[in-house]
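Some notes on the structure that comes next.
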Amino acid sequence: MRPIYAELQSSLDALSATGNLRTLPHAAQEGRYLYAEGQRMLNLSSNDYLGLAADTALREDFLRHVPPHDLVFSSGSSRLLTGNHPVFDELEAALARLYGTESALLFNSGYDANTGITAALSDPGTLVLADKLVHASLIDGIRLGRGTWKRFRHNDLDDLERLLKQEAHRYKRILLVVESIYSMDGDMAPLEGLVALRRQYPHALLYVDEAHAFGIRGPQGLGLCEEKGILADIDLLIGTLGKAAGSAGAFVICRRVMRDYLVNHVRPFIFTTALPPVVAAWTLCVLRRLPAMSARRLRLQTIARRVHEALGRLSIPDKSATHIIPLPVGDSAEAVRRAHEMQRQGFYVRAIRPPTVPLGTSRLRLSLRADLSDDELDALLASLGSLFHPDAARISATDS
Ligand SMILES: *Cc1c(COP(=O)(O)O)cnc(C)c1O
């Protein structure tokens, strides 16, 4: 092997030695199940939280009613050239109407939206203050930007306030970057406090990534900012469409002037072929039904509550307040072992390891979904008991 490849191989070997080597799983999805290594498992690792991507009736209904001019599988170019199919405008108008704001802008993915927007807004006169645990796509964009950036302690308003007091007067623009629900711990940002803090700094913009809340939280499923009644206070609200919405792509909700600025400056918007129009048509189909899907949202909350209660009974540390629930393990190899055991019991749960999470904090992560049956939920709770608590059998027996 040429030395240049040997070097790559040895870095992979190092990952492997610590249990942190990533490989692509071979798996086929069918509804809420996943087939891998000849086994059928409930898929508790996808972000299809409402079961919309798995909903074949919904898909068939879409295919029966989609207008032929929207059944187009390539947009052929960037939207700034010839790729601006009318369905994109229609989808953006529908989003703006739902959010009661001036405008929305679509992106090909949440990764594109986050890297592109944060980089475009971070010029040399900008200070970016980001929560310590924001998603990799936000970190990448902030690093690409030309401004100064600092991270504040996770969900710590005092730390953020301290930084603002110290630094804000030196910059012409401040960008505050947070998520509403954090996917590694399943916890929520102190959004009302962030809004109050932002109000003290007229030159600050509040950027909230709702990737794990869009579709799920709020009366119409618009996210945690809708639930908390603070939509009008968010300067840039990001929703991703590949998670609860069961589609692909992402959007930002913002003022008209912001949208015009982004269209002119966001490189992953300008220099990429637009999504296939049929994808936007499917998103639009889902979006029109989303406000009325409160039964699915309620079901997901109920399932999450039952899992949290079970973790409490098992004395498993639980920082999550949502449908995303980490099960702390610590050691990577042990996390992988327990993930395999859960898979053997029919639950597709994966180990989350460094570099996604800090060294020594490997965990399993449950991504709950609204389409679990009661029996499946009971079986899941029993499986958690058997893996995480030696006395679990006794505990679940006294339960029933
Ligand atoms: C998944 C995710 C993204 C990326 O969205 P994609 O559409 O998958 O590229 C961005 N932000 C957060 C918080 C996410 O969880």
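When a ligand or atom number is given, it counts from 1 through the structure's own listing order.
In terms of protein heavy-atom proximity, atom 4 (C) of ligand 1 is nearest to Tyr111 N, 3.6 Å. Among all non-hydrogen protein atoms, the one lying nearest atom 1 (C) of ligand 1 is Lys243 NZ, 1.5 Å. Scanning the protein heavy atoms around atom 11 (N) of ligand 1, the nearest turns out to be Asp209 OD2, 2.6 Å. The protein heavy atom nearest to atom 10 (C) of ligand 1 is Asn114 ND2, 3.3 Å.
Across every non-hydrogen atom of Met184 and Val357, the tightest pair is SD-CG1, 3.7 Å.
Using a 4.0 Å cut-off between heavy atoms, Asn47 makes no contact with ligand 1 at all.
The residue from Arg256, Arg97, Arg255 that alone fulfils the salt bridge (charged side-chain N to carboxylate O under 4.0 Å, His left out) condition with Glu102 is Arg255. Between Ser247 and the choices Thr283, Leu52, Leu275, the side chain to side chain contact (heavy atoms under 4.5 Å, CB included) rule is met once, by Thr283.
Residue contact check: Ala211 has heavy atoms under 4.0 Å from atoms 11 (N), 12 (C), 13 (C), 14 (C), 15 (O) of ligand 1. Residue Glu179 has at least one heavy-atom neighbour below 4.0 Å for each of these atoms of ligand 1: 13 (C).
Where the criterion is an N or O separation shorter than 3.5 Å, residue side chain and backbone included, Ser183 fails it with respect to ligand 1. In terms of N/O distances under 3.5 Å, ligand 1 is not approached by Thr240. Checking only distances, His212 does come within under 3.5 Å of ligand 1, N or O to N or O.
Counting heavy atoms of neighbouring residues, nucleotides and ligands inside a 6.0 Å radius, atom CD of Glu37 does not exceed 12 of them.
Under a 3.5 Å cut-off, the side chain of Arg173 and the backbone N or O of Tyr171 do not form any donor-acceptor pair.
The distance from atom CG of Asn84 to atom OG of Ser78, rounded to the nearest 0.5 Å, is 9.0 Å.
When the heavy-atom distances from atom 5 (O) of ligand 1 to Ser109, Ala213, Gly110, Ala250 are ranked, the shortest goes to Gly110.
Between the side chains of Arg259 and Thr101, no donor N or O sits under 3.5 Å from an acceptor N or O.
Every heavy atom of Gly242 sits 4.0 Å or more from the atoms of ligand 1.
The cationic atom of Arg162 (NZ for Lys, CZ for Arg) does not lie both less than 6.0 Å from the six-membered ring centre of Phe152 and within 45° of the ring axis.
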